[in-house]
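Reading through the C-alpha cells given below for one structure.
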Amino acid sequence: KSLPYFCRGEVVRGFGRGSKELGIPTANFPDSVVDNLPADISTGIYYGWACVGNGDVYKMVMSIGWNPYYKNTKKSMETHVIHEFKEDFYGQILRVVMVGYIRPERTFDSLEALIVAINGDIEEAKLKLELPEHHKLKEDNFFISAA
Ligand code: ADP
Ligand code: MG
C-alpha cells in the first residue's frame, strides 16, 4: 500500500472550473507529479497534510480524478488546503502527504449536492487527522526542509 504518499510540485493553473467561486479552491499539480503516482493510488478523495512554500502545515483534502480537458485520458490531482490564504499561490511549491482515503469519485445531480459532499469530506479530514498517528506526519522532516 502506497499511503502515506509524499509528493511536491509547482502549483499550476487548472481549467477554471470555478472551484474558487464555490468557496473551495483547488490547487493543481503539473502532469509530471500526477504521472509519478503509484499505480495502486486509485481515483477518489484523499485527506492529508499540505504546505505552501515554506509556510505552515495545514490539513488538506485532495481529489484525484480523470481530467475532462484531456477527454478523461489523464488524471489530475487537486488539493484544497483547509486554511484561508490572503493571496493565490500559483507558481509556488506545494508539498503534500496523502494520509488516507475518504471515498471514490462520483458525479452529483446538483451543485448544492456537490458542495455538501465536499464539506462532508473536509469535516471527515479534520476529524481523521486528529488521530495521533496522523499528527506525527504533520511533523515529518519532509515539511521541515526548505522548499
Ligand atoms: P484553478 O482552476 O486554476 O485550479 P481554482 O478556482 O481551483 O482555480 O483556484 C485554485 C487556486 O486558488 C490555487 O492554485 C491557489 O493559488 C489559490 N488558493 C487560495 N486558497 C487556496 C486554498 N485554501 N486551497 C487551495 N488553493 C487555494
Ligand atoms: Mg483548481
Side-chain angles (χ1 to χ4, degrees), residues 2-38 41-131 134-135 137-140 142-147:
S2 295
L3 298 181
Y5 180 70
F6 294 85
C7 68
R8 54 186 283 159
E10 187 183 336
V11 175
V12 298
R13 297 217 167 247
F15 304 104
R17 273 182 281 178
S19 316
K20 209 175 283 169
E21 285 68 32
L22 305 183
I24 312 159
T26 58
N28 289 57
F29 275 128
D31 291 344
S32 55
V33 174
V34 183
D35 292 342
N36 276 326
L37 271 177
I41 300 237
S42 61
T43 59
I45 313 300
Y46 292 81
Y47 63 88
W49 301 101
C51 107
V52 176
N54 284 314
D56 291 336
V57 181
Y58 301 108
K59 294 172 178 176
M60 67 81 170
V61 287
M62 181 193 288
S63 161
I64 298 181
W66 297 104
N67 201 322
Y69 185 84
Y70 292 105
K71 297 196 164 69
N72 301 327
T73 55
K74 214 161 188 17
K75 268 186 236 169
S76 70
M77 290 167 79
E78 306 191 18
T79 304
H80 173 67
V81 187
I82 306 176
H83 176 74
E84 292 256 353
F85 291 88
K86 289 199 188 73
E87 286 173 352
D88 285 351
F89 44 83
Y90 291 111
Q92 296 209 51
I93 298 297
L94 174 68
R95 284 183 272 188
V96 303
V97 55
M98 294 160 59
V99 171
Y101 182 76
I102 298 181
R103 62 171 174 88
E105 276 228 303
R106 48 163 293 203
T107 57
F108 293 92
D109 296 337
S110 68
L111 210 52
E112 288 74 26
L114 171 65
I115 294 172
V116 167
I118 296 172
N119 283 321
D121 297 336
I122 290 171
E123 289 315 307
E124 184 168 343
K126 283 182 182 170
L127 270 172
K128 289 263 172 67
L129 289 165
E130 287 305 315
L131 294 170
H134 293 158
H135 236 273
L137 287 164
K138 183 186 182 182
E139 322 292 340
D140 195 278
F142 174 71
F143 289 121
I144 292 170
S145 54

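Quick note: residue numbers are just sequence positions, from 1. Whatever order the structure lists ligands and atoms in, that order sets their numbers, starting from 1.
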With D31, the side-chain contact (heavy atoms from CB on, under 4.5 Å) member among K75, M77, K74: K74
Heavy-atom pair with the smallest gap, counting every atom of Y101 and S42: CE1-OG, 4.1 Å
Neighbour count >12 (heavy atoms, 6.0 Å) for atom CG, D109: no
In terms of its nearest heavy atom to atom 18 (N) of ligand 1, the top option of F85, F29, F89 is F89
Do side-chain atoms of R8 reach the backbone of I93 as a donor and acceptor pair under 3.5 angstrom? no
Can you tell me if W49 uses its side chain to pair, donor with acceptor, with the backbone of V99 under 3.5 Å? no
Any atoms of ligand 1 less than 4.0 Å from a non-hydrogen atom of [X]? List them with their elements.
X	answer
V11	14 (O)
R13	3 (O)
N28	4 (O)
G14	1 (P), 2 (O), 3 (O), 4 (O)

For ligand 1, note which part of [X] has a heavy atom under 4.0 Å away: side chain, backbone, both or neither.
X	result
H83	backbone
T26	both
D88	both

Taking both backbone and side chain into account, is any N, O or S atom of S19 nearer than 2.8 Å to the Mg ion (ligand 2)? no
Close approach, T79 and ligand 1, non-hydrogen under 4.0 angstrom: yes
Verdict with supporting geometry, R13 and Y90, side-chain contact (heavy atoms from CB on, under 4.5 Å): CA-CA 7 Å; R13 297 217 167 247; Y90 291 111; 3.3 Å; yes
Let me see the working for I64 and M98 under side-chain contact (heavy atoms from CB on, under 4.5 Å), right down to the final yes or no. CA-CA 11 Å; I64 298 181; M98 294 160 59; 3.6 Å; yes
